Amino acid sequence: MSETAQATAGTAQAPDSNRWKALTFIALAQLMVVLDATIVNIALPSAQQDLGISDGNRQWVITAYALAFGGLLLFGGRIADLWGRKRAFVAGLIGFAGASALGGAATNEAMMLGARALQGAFGALLAPAALSLLAVMFTDAKERAKAFGIYGAIAGGGGAVGFILGGVLTEYMDWRWTFFVNIPFAIVAAAGAYFVIREPAEGRNRSPLDIPGVVLSTLGLVTLVYAFTRAESEGWGDSVTVGLFVASAVLLAAFVVTESKVKAPLLPLRVITERNRGGVYLSLGLAIIAMFGLFLFLTYYLQLVKGYSPVKTGFAFLPMIAGMIVGSTQIGTRLMTRVAPRLLMAPGFLVAGLGMLLLTQLEIGSSYASTILPSMVLLGLGMGTAFMPAMSLATTGVEPRDAGVASAMVNTSQQVGGAIGTALLNTIAASATTAYIKDHIAGATTQPQQQLVQLQAQVHGYTNAIWFAVGILVLAAVIAFTFINVGRPDMSASDALEGAEDDVKVPVIAH
């Protein structure tokens, strides 16, 4: 029986009666992980000062988390398939809470960096388990659309919520609370998951662990993420940076070769070579490149150019969050059972690109209401509409034993995309800023004029990089439209079985 037919065969089972309660705790855990990716950014200046972290080492507070999270995601997904998703989910939550407590209580640089690496490691166990639990618990097409709509809204908008919460906690309490706030989230989610979530035992993958695959994938992804992080600070032509990129390419190529030969691979190549899932991973990764760059530039623009406080900056992102919620839970959810996924994803990326295009017109005196607000609404609507079917399609039709690793690939594409976006777009912006200052500083004879040129140069750098982000979103739309060729989800098991034969319909995932 084909993979698709196997997936549809499981739909005869009755759905889990606790699935909507389970979604509450899964969504809470996902919100915690996504929040943590941005909440610490706001608190970093205060933490740096308190712990005596040098300017050269402060990036490691962010990088330590990104390296552990990005490097261990595939391993975390495979552990979820091996242990069981519920067990991996609860273990990830408890570990994340412990690491957060360690970060909040940090008394020096080493303790902080260790806590951030531990957060990343447990996040890499937690995130794939959360998404794969949704994949195996929601089998009805309409219910699946609603569940992934909620999950997509959190995955897309949670980062912006992190700016608000980070600003409020840092400004009115203490930077340590940006870590401690994770503890109640994790305790509630873990307790709820333990008592509510049930998963079918036959969905486990009890094959022996692929140790060579674990080592090669972890080293390859860590090296790749670090290469992009280093490129941002040391430049793309730096010999060590180039060496890291070459090393990551060799390690990942060796990983692919290994996976094609071993009996029980860490990442079965069938998961990524299926054109629809491959299209989702690629287009989603590209969209995240554009989004992470935007978060970075808008934060700098609002605080450095417009003089916004951290709290005000966080609230300035609210229209984007609202747009993502509407795009995911209303537009995406209502249309997902009626139209093919690519007819949501490609237009969604293009609408987000239109919002990004508005931001290429930014100037020092640009109005928030007339320029930034509409662009944020369009970005939120577009990304929310595209994210929801992407999250669902990435795990649809996967054999139950592969659900964890397929979910891990979604997170991996996002994490690697975020690292690339931050480094690539920041480098483009910095180069454009330097060139602008070089061309215009000679005409600035007074200090106020020189300061004005500096600000103009910064905005010029941002808009140059945002043009690249627009192009990246258009490319994501093209990939989504051309690679993804499945039709709308089937509304009955019999239709799904027909779809398995003619490869036109989207299969409903096995229970």
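Note that the structure is a prediction, hence the values are computed from the model and not measured.
Without hydrogens or angle criteria, Thr218 side chain to Val215 main chain gives no donor-acceptor distance under 3.5 Å. Without hydrogens or angle criteria, Ser328 side chain to Gly384 main chain gives a donor-acceptor distance under 3.5 Å. Side-chain atoms of Tyr281 never come within 3.5 Å of backbone atoms of Met409 as a donor-acceptor pair (strictly under, hydrogens ignored). Between the side chain of Lys86 and the backbone N or O of Ile197, at least one donor-acceptor pair lies under 3.5 Å. The backbone N or O of Glu234 sits nowhere less than 3.5 Å from a side-chain atom of Asp238 that would complete a donor-acceptor pair. Panel note: side chain Gln48, backbone Ile53; a donor-acceptor pair is recorded below 3.5 Å. Judged by distance alone, with hydrogens and angles left aside, the side-chain atoms of Asp81 form a donor-acceptor pair with the main-chain N or O of Val405 at under 3.5 Å. Checking side-chain atoms of Thr433 against main-chain N and O of Ala457 turns up a donor-acceptor pair under 3.5 Å.
Using a 4.5 Å heavy-atom cutoff, the side chains of Leu73 and Leu221 are not in contact. Counting only heavy atoms from C-beta outward, the side chains of Leu284 and Met345 never approach each other to under 4.5 Å. With a 4.5 Å cut-off on side-chain heavy atoms, Tyr462 and Leu298 do not count as touching. Taking the side chain as every heavy atom from C-beta outward, Leu362 and Thr463 approach each other to under 4.5 Å. Looking at Phe122 and Leu93, their side chains never come closer than 4.5 Å, going by heavy atoms from C-beta outward.
For Tyr226 and Trp60, the ring centers sit closer than 6.0 Å to each other.
In this structure, the separation between CG on Leu379 and CD1 on Ile372 is 11.5 Å, given to the nearest 0.5 Å. Put simply, OG on Ser217 and CG on Leu266 are 5.0 Å apart, with the number rounded to the nearest 0.5 Å. A distance of 4.5 Å separates CG in Leu134 from CD1 in Ile26, rounded to the nearest 0.5 Å. Residue Ile466 holds its CD1 atom at 11.5 Å from CD1 of Ile428, rounded to the nearest 0.5 Å. Here NE2 of His460 is found 12.5 Å from CD of Glu363. Values are rounded to the nearest 0.5 Å.
Both tests hold for Lys312 against Tyr308: distance to the six-membered ring centre under 6.0 Å, angle to the ring axis within 45°. Lys306 forms no cation-pi arrangement with Tyr301, by the criterion of a distance under 6.0 Å to the ring centre and an angle within 45° of the ring axis.
Atom CZ of Phe195 has 12 or fewer neighbouring heavy atoms from other residues, nucleotides or ligands inside a 6.0 Å radius.
Between Tyr65 and Phe96, the angle of the ring planes goes over 60°, which puts this pair in the perpendicular group of the 30/60° scheme.
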Would you be so kind as to tabulate the donor-acceptor pairs closer than 3.5 Å made by side chains of residues 175-185, with sequence neighbours excluded?
from   : atom 1 : to     : atom 2 : distance (Å)
Trp175 : NE1    : Asp50  : OD2    : 2.7
Arg176 : NH1    : Gly104 : O      : 2.7
Arg176 : NH1    : Ala106 : O      : 2.7
Arg176 : NH2    : Ala106 : O      : 3.1
Thr178 : OG1    : Trp175 : O      : 2.6
Asn182 : ND2    : Asp36  : OD1    : 3.0
Asn182 : ND2    : Ser100 : OG     : 3.1

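Every residue two or more places apart in sequence or in another chain that forms a side chain to side chain donor-acceptor pair (under 3.5 Å) with Trp236 is listed here: Thr427.
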